[in-house]
Amino acid sequence: MDKRYSHSIESKWQDFWLKSNIYRFNKGNIGKKPLYVIDSPPPFTSGKLHMGHVLSYSYFDFAARYKRMRGFEVLYPQGWDAQGFPTEVKVEKKYGRLKPDEFRKKCVEWSWEMIKRMKEGMIKLGFSPDWSLEYITMLPEYHKLVQESIIEMYEKGYIYRDKHPVLWCPRCKSAIAKAETEEKEEETELYYFNFFVDDKPLTIASTRPELLHACVAVLVHPEDERYSEIIGKKAKTPFGKEVPIIDENEVDKEFGTGAVMLCTYGDKMDVVWQKRHNLPVIQALDERGRVINSPFYDGLNYKEARKKVVEFLEEKGLLVKKDRIKHVVKVHDRCKHEVELLPSMEWFARVRENSDKIKEMAKEIKWVPEFGIHYLIDWLEHIDWDWVISRDRIFGTPIPFYVCECGHYEPVKKEELPFYPEKAKPRKCPKCGKEMKPENKVFDVWVDSSITPLVVSGWKKDEELFKHAYPTTLRPQGVEIVRTWAFYTIFRSGVALTGKKPWDTILLNGNVLAPDGRKMSKSLGNVIDPMELIKEYPVDAIRQWAAMSGAMAKDRPFSYEDIRFAKQFLNKYWNAFRFVEKFMKENSNEFNFNELRTVDRWIITRTSQVIEEITNAMENYDYRKAITTFHHFFWYELCDYYLEYVKWRVYSEGIERDKAIYTLKKVLYALNKLFAPIAPHITEEIYHSIFGAPEGKSIHLTKWPEPFEKDEAIVEDLKVANEIMRRIREYKARNRMPMNAEIEKAILYTNRDLKDVVEDIKRTGKIKELIVKHGELNIEFL
RNA sequence: GGGCCCGUAGUCGAGUUGGCUAAGACGCCACCCUUACAAGGUGGAGAUCCCAGGUUCGAAUCCUGGCGGGCCCACCA
């Protein structure tokens, strides 16, 4: 063995694993071995792995490696979530504006490069997916599955097309996503003006009087005494239009006058309320932000229109007062123009009316930790409208539909998939006979990623595999995307497409914060790059850090203390094996448990207990427990005591030596396997260099250890013996003696029968004469 | 405003079906090169378990109410 454990050892095994393909999923084992299917997260192809990836991916890599050793056939794919807005931004920055198909080509190119980088990082971190099972959401085969899944959902009645308000930038003349908006606080006027109910004035307050023409209702709180008798009546707007007065719980009684005019659309609450109360929509602005459908101010922008309307109200004597208030407006992040809500034709999936089914299915899944399900249930109970699955983007999966100006729409034939609008065959509308248009929009990226459990288990591709591999076993993911990834997956893969839960278990991890407890962010300059970390710490130390961070869906600061400790542990581990190396290579006799010395039976018993504890922890995804149990046992029992007890024997000759070597082999061989899922490199190295594994064999394909014989009474005896050893060391330390200094004579008092352990104590402590007397535990040095 | 999580040495944290002297790590102090390991060993100092009540023979743990922190969602027309 080398004197030190090094990076070159780790990369040597990474190469070996890749070349020997040991993680390949073997379909031939279906029916022979139980399956363990991981619906592993496809990372967004940003090109950079971050500490969150390291944490989360380490968890299910532990699971994969452990389950393989438990005799499961593990299906562990690696996907890539390649499509989406951030890529478009990067590509546009680099190449400027291009034609859609050229632009898409550049996006694909760029994504391949990012995938390459991330894949290298994953290999360096020792992850063990089957790389032949890679899937990439931007590829035609993946598009086909997404499109097929949506057409199937359409046929089952889950998908529809309708007018829906979207965030719109009037300056860029484009729909934008919520993520592309910024908030800006500004001062504005709050106008108070009168509507009339039965000729009595009703004052309402609004910051946007220019939308008055698109007012479709007045809302008041049901428990507001000021308005209790007018609920259900009609209110007349200053333009003479009659609108209903409706009670609505979410109206704030304290703001303004407590009466809200609902316009389509002033802000997001207008959208919610309009849908909730089934009100008509009057489009107030066109795509350039100019007023339409108004009595006398069409064509003006909102500022000019506002002035006109306020003048009108003043002239009519309807303006009561105005206040200056501060409020927040959304602006487009790139042009800083104020964002409007405009109705637009979009595609929808019916999540609202299926929320109970989604909830029921979520309850069939095991959530680790259990409270994780609250995030989903809470979300389900507050869904305001259906999922808008369409986007006006380019780098996305095309929506496989034809639409006609008469309003009719129908899906592409399944044999024509994957569908791309620029290559679409012409089609006549069966309703009006006109030429239909292929839809140009693309899907929201969550549409892509919400069928991953289907994709990995062979849906529509390999019926035999699918039958066995779905539902999948494990979905690992971050807690912050329960409301998106988990929710959409349960809805699509589960409720809508198969009727079966997508996974048995969902394992949630939290985020990695910076060591200072704040979020890692470029602007704070506290980002830790795993690829930098890897230069300073062995991968097996980084993976121990991940295990120590705990599987809870809880944010946790990154800890240099933990990772340093992990590195030191590897050093301790390495040196312990260097100590036993020469003995391990000797042929030794076999012994029965009862023939062994007490200390041998003790360490075997303790190892058995540790095997049970760690197995149990691994089963429950409690990696923190598994790793800390291992650390403590290995360092503070095995190294601190057993390896010391055994020295006098291994450096002499005879049967007691053979027993020690037999025990060391048995115990260390098992322990090295226990450590293998978390520290795959060092354990592989030791498996080969110490235990003489055959060429081409891997520890990761060996059997997980079973507990050995146990004699639990001995554990108590050794607690006494270890305490005596501790006191001997203390005595030597206090007297400034080296640990190997000899002691002439000592008297050991104990109530237990320590049998042959007395000899081990005497030899290990280098006491020439040790007298044992009955009495309270103590040792006197003479 | 709603929901969830959390509060234990200087720091990070285990322990929370109520029951030994409240683990362990990092850091700190003192000592020790000892044929695996100074990236080690031995010893030591350091905690009103956020606060206040309650239940109990007994509370870090259970209940109630505060205070403090974090996350997610919503948000003023």
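Just so we're on the same page: letters track the sequence lines, and every chain starts at 1.
Between A:Glu250 and A:Arg276 the shortest side-chain heavy-atom distance falls below 4.5 Å. Two residues are said to be in side-chain contact when any heavy atoms from C-beta on lie closer than 4.5 Å; A:Leu279 and A:Ile246 meet this criterion. In this structure, the side chains of A:Phe633 and A:Leu671 come closer than 4.5 Å at one or more pairs of heavy atoms. The shortest side-chain heavy-atom distance between A:Tyr651 and A:Phe583 falls under the 4.5 Å cut-off.
To the nearest angstrom, P of B:A39 lies 22 Å from CZ of A:Phe577. Counting to the nearest Å, the P atom of B:A36 and the CG atom of A:Leu638 are 14 Å from each other. If you measure from atom CZ of A:Arg727 to atom C1' of B:G44, you get 17 Å, rounded to the nearest angstrom. When the P atom of B:C37 is taken as reference, atom NZ of A:Lys567 falls 19 Å away, rounded to whole Å. Rounded to whole angstrom, the span from the CD1 atom of A:Ile728 across to the P atom of B:U42 amounts to 13 Å. What separates CG of A:Asn511 from C1' of B:C5 is a distance of 13 Å, to the nearest Å. The nearest whole Å value for the distance from the CZ atom in A:Arg4 to the P atom in B:C37 is 10 Å. Distance CE (A:Met269) to C1' (B:C76): 10 Å, rounded to an integer number of Å.
In this structure B:C57 sits in a base pair with B:G19, meeting the Watson-Crick or G-U test at under 3.5 Å. With both pairing distances under 3.5 Å, B:C37 is matched to nothing as a Watson-Crick or G-U wobble pair. In this structure, B:G43 forms a base pair with B:C29, meeting either the Watson-Crick or the G-U wobble geometry with both donor-acceptor distances under 3.5 Å. The partner of B:A9, taking Watson-Crick or G-U wobble pairs whose two distances both stay under 3.5 Å, does not exist in any strand shown. Look at B:A52: its Watson-Crick or wobble partner, with both distances under 3.5 angstrom, is B:U64. Of all nucleotides present, only B:G70 satisfies the Watson-Crick or G-U wobble test against B:C4, with each distance under 3.5 Å. Base-pair partner of B:A77: not found among the strands shown (Watson-Crick or G-U wobble, both distances under 3.5 Å).
Checking A:Tyr5 against A:Glu685 by side-chain atom types alone, no donor-acceptor pair falls below 3.5 Å. Between the side chains of A:Asp600 and A:Tyr645, not a single donor N or O lies within less than 3.5 Å of an accepting N or O.
For A:Ala733, taking side-chain heavy atoms from C-beta onward, the closest of the listed nucleotides B:U42, B:G3, B:A39 is B:U42. Checking B:U42, B:G13, B:A36 against the side-chain heavy atoms of A:Pro557 singles out B:G13 as nearest. Of the candidates B:A77, B:C37, B:C12, the closest approach to any side-chain atom of A:Val251 belongs to B:A77. In this structure, the nucleotide among B:C76, B:G43, B:C4 sitting nearest to the side chain of A:Asp252 is B:C76.
For A:Lys236, the NZ atom counts as loosely surrounded, since its 6.0 Å shell holds 12 or fewer non-hydrogen atoms of other residues, nucleotides or ligands. For NZ of A:Lys625, the number of neighbouring non-hydrogen atoms (other residues, nucleotides, ligands) closer than 6.0 Å is 12 at most.
Look at the P atom in both B:A39 and B:G44: the space between them is 24 Å, to the nearest Å. Only the C1' atoms considered, B:C73 is 29 Å distant from B:C63, to the nearest whole Å. For the P atoms, the distance from B:C75 to B:G70 is 22 Å, rounded to whole Å. Annotation: B:U56 and B:U64 have their C1' atoms spaced 16 Å apart (nearest Å). Across the C1' atoms, B:G24 and B:U8 are found 13 Å apart, a figure rounded to whole Å. Across the C1' atoms, B:C5 and B:A23 are found 24 Å apart, a figure rounded to whole Å. Of the P atoms belonging to B:G43 and B:U48, the separation is 25 Å, rounded to the nearest Å. Taking atom P on both nucleotides, B:C49 is separated from B:G3 by 30 Å, rounded to a whole Å.
Among the atoms of the strands shown, none is found under 4.0 Å from any heavy atom of A:Glu248. Heavy atoms of A:Asn740 sit under 4.0 angstrom from primed sugar atoms or phosphate atoms, though from no base atom. A:Cys639 comes within 4.0 angstrom of a base, heavy atoms only. In this structure, A:Ile325 reaches the sugar-phosphate backbone alone: every heavy-atom distance under 4.0 Å involves primed, P, OP1 or OP2 atoms, never a base. Residue A:Ser559 is out of contact with every strand shown, counting any heavy-atom pair closer than 4.0 Å. Nucleic acid contact for A:Asp267: sugar-phosphate only, since backbone atoms but no base atoms lie under 4.0 Å from a heavy atom of the residue.
The phosphate of B:U35 (OP1 or OP2) has no side-chain N or O of A:Lys647 nearer than 4.0 angstrom. For A:Trp635 and B:G41, the shortest distance from a side-chain N or O to OP1 or OP2 is below 4.0 Å. Between A:Lys572 and B:G41 there is a side-chain N or O to OP1 or OP2 distance below 4.0 Å.
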Protein-to-nucleotide contact annotation, 5' to 3' order, nucleotides 17-28 of chain B [B base; S sugar-phosphate only; - none; under 4.0 Å, heavy atom]
-------SSS--
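A salt bridge links A:Lys359 to A:Glu381: one of the charged nitrogens lies within less than 4.0 Å of a carboxylate oxygen.
Annotation: of the two residues near RNA chain B, A:Leu262 and A:Val580, the 5′-most nearest-nucleotide partner is A:Val580. When each of A:Glu480 and A:Arg208 is assigned the nucleotide of RNA chain B with its nearest heavy atom, A:Glu480 is the one assigned upstream, toward the 5' end.
Ring geometry for A:Tyr488 versus A:Trp446: interplanar angle of 30 to 60°, hence tilted.
Residue A:Tyr227 forms a side chain to side chain contact (heavy atoms under 4.5 Å, CB included) with just one option from A:Ile245, A:Asp247, A:Thr257, and that option is A:Thr257.
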